[in-house]
Amino acid sequence: MLTLAIDIGGTKIALGLVEHGQIRERRQLPTPAAQNAEQFAEHIIEHCHDWLESVAQIGISTTGLVSDEGISAINPDTLAFPTPFPLAQVLQTLTAKPIKILNDAQAAAWFEYLNLDVPAKNMAFITVSTGVGGGIIIDGNLHSGKSGLAGHIGHMSIDANGPACGCGQMGCVESIASGTAIQRASSLIFNPPISNIELFRIAEQNEQANSLIQNSANAIATLCCNLKAALDLDIIVLGGGVGLATDYLKKVNQEITRRPAVFRVPVIAAKGDYDACLLGAAFQFKE
Ligand code: BMX
Ligand code: ZN
């Protein structure tokens, strides 16, 4: 059975044709700014209309808070459409296929949980990407909470004097550690500005580049120790474009070893690699 998987991020949309838990075909497009869900859904369909006839169902993972009304923003700075955005409802009308939708990091958490090498009961997934997202598994179940907010751990404030976050708080993990935060800090140092890809490439030889990345990794290490203290997690899985970039996971784990032993938690790389959220979109149909 084929599933159309759609992963909507702050920067890009990934599309996958998924069969037996494997991505058979994959496409990618920039996330367009859209005025309404019809326009956005039609844009997605244009990029995969040749797949539609053969798919039995559609799984969506998306940045933002997912509720019955649609998708809304915790950090409006990273969302390209008006809220609440009824994307699942509109795609359902346009395609007449069964549709499931979840927050991107919650979906990835469920996929990663089902693919752990060593079974665990309590796990978190953290994506360090445009934003910092998360999904939490408690006693083998995805915990999304009454309103779907659970797992928005990028918006735990870890520095009351830290940068302003788009969510309205100060010093959220996302405002310090995300790809957007790294880019902002880096543009104050490098003139002309360099991309985050370039920043990671030069980090081994360039002390300033290295310390920008280290600052982000330290914030993620703090987040991991806080989650260990709150939930006594067995393991944390790290994903996202920044989370999986060269040496980032190593930096997070090194920083965790400097913290008191009781708050340490093993952090491993996502099995789904950069496609953990896309695979998570499809895995909503796997009970
Ligand atoms: C933000 C929040 C989360 C999301 C996370 C990662 C919005 C629009 N999104 O914290 O819902 O999971 O970013 O998103 O408030 P990504 O775009 O970096 O994958
Ligand atoms: Zn925030």
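Start at 1 and go down the list; that is how both ligands and their atoms are numbered. Not measured: the values here are computed from a predicted model.
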Which of the numbered atoms in ligand 1 are under 4.0 angstrom from any heavy atom belonging to [X]?
| X | answer |
| --- | --- |
| Leu79 | 8 (C) |
| Gly9 | 17 (O) |
| Ser129 | 18 (O), 19 (O) |
| His155 | 1 (C), 10 (O) |
| Ile74 | 7 (C), 15 (O) |
| Ala73 | 15 (O) |
| His152 | 3 (C), 11 (O) |

- Message: Using a 6.0 Å cut-off, check whether atom CD of Gln205 has over 12 heavy atoms from anything other than its own residue.
- Response: yes
- Counting only heavy atoms not in Glu53, do more than 12 sit closer than 6.0 Å to its CD atom? no
- Message: Applying the side chain to side chain contact (heavy atoms under 4.5 Å, CB included) criterion to Gln284, which one of Ile58, Ile99, Leu102 satisfies it?
- Response: Leu102
- Message: Can you check which of Leu65, Asp104, Val128 brings a heavy atom nearest to atom 19 (O) of ligand 1?
- Response: Asp104
- Note on the structure: With sequence neighbours left out, the residues meeting ring pair (Phe, Tyr, Trp, His ring centres under 6.0 Å) with Tyr248 are none
- Note on the structure: A correct count of protein N/O/S atoms found below 2.8 Å of the Zn ion (ligand 2) gives 4
- At under 4.0 Å between heavy atoms, which part of Thr11 makes contact with ligand 1: side chain, backbone, both or neither? neither
Is any N or O atom of [X], backbone or side chain, closer than 3.5 Å to an N or O atom of ligand 1?
| X | answer |
| --- | --- |
| Gly64 | yes |
| Gly134 | no |
| Gly133 | no |
| Ser72 | no |
| Thr127 | no |

Under 3.5 Å side-chain donor-acceptor pair for [X] and [Y]:
| X | Y | result |
| --- | --- | --- |
| Ser61 | Asp7 | yes |
| Asn210 | Gln214 | no |
| Arg26 | Gln28 | yes |
| Thr130 | Thr11 | yes |
| Gln57 | Thr3 | yes |

- Note on the structure: Connected to Leu188, directly or through other members, by ILVMFWY side-chain contacts below 4.5 Å are none
- The salt bridge (charged side-chain N to carboxylate O under 4.0 Å, His left out) partners of Asp159 (sequence neighbours excluded) come to none
- Message: Once rounded to the nearest 0.5 Å, what's the spacing between atom CG of Asn75 and atom SG of Cys165?
- Response: 4.5 Å
- Note on the structure: Between the CZ atom in Arg184 and the OG atom in Ser178, the distance rounded to the nearest 0.5 Å is 6.5 Å
Can you report which non-hydrogen protein atom sits closest to [atom], along with the distance?
| atom | value |
| --- | --- |
| atom 2 (C) of ligand 1 | Thr63 OG1, 3.9 Å |
| atom 17 (O) of ligand 1 | Gly10 N, 2.9 Å |
| atom 10 (O) of ligand 1 | Glu174 OE1, 2.5 Å |
| atom 18 (O) of ligand 1 | Gly131 N, 2.7 Å |

- Any salt bridge between Lys251 and Glu255, counting N to O under 4.0 Å? no
- Message: So Leu149 and His152, do their side chains get closer than 4.5 Å, heavy atoms only?
- Response: yes
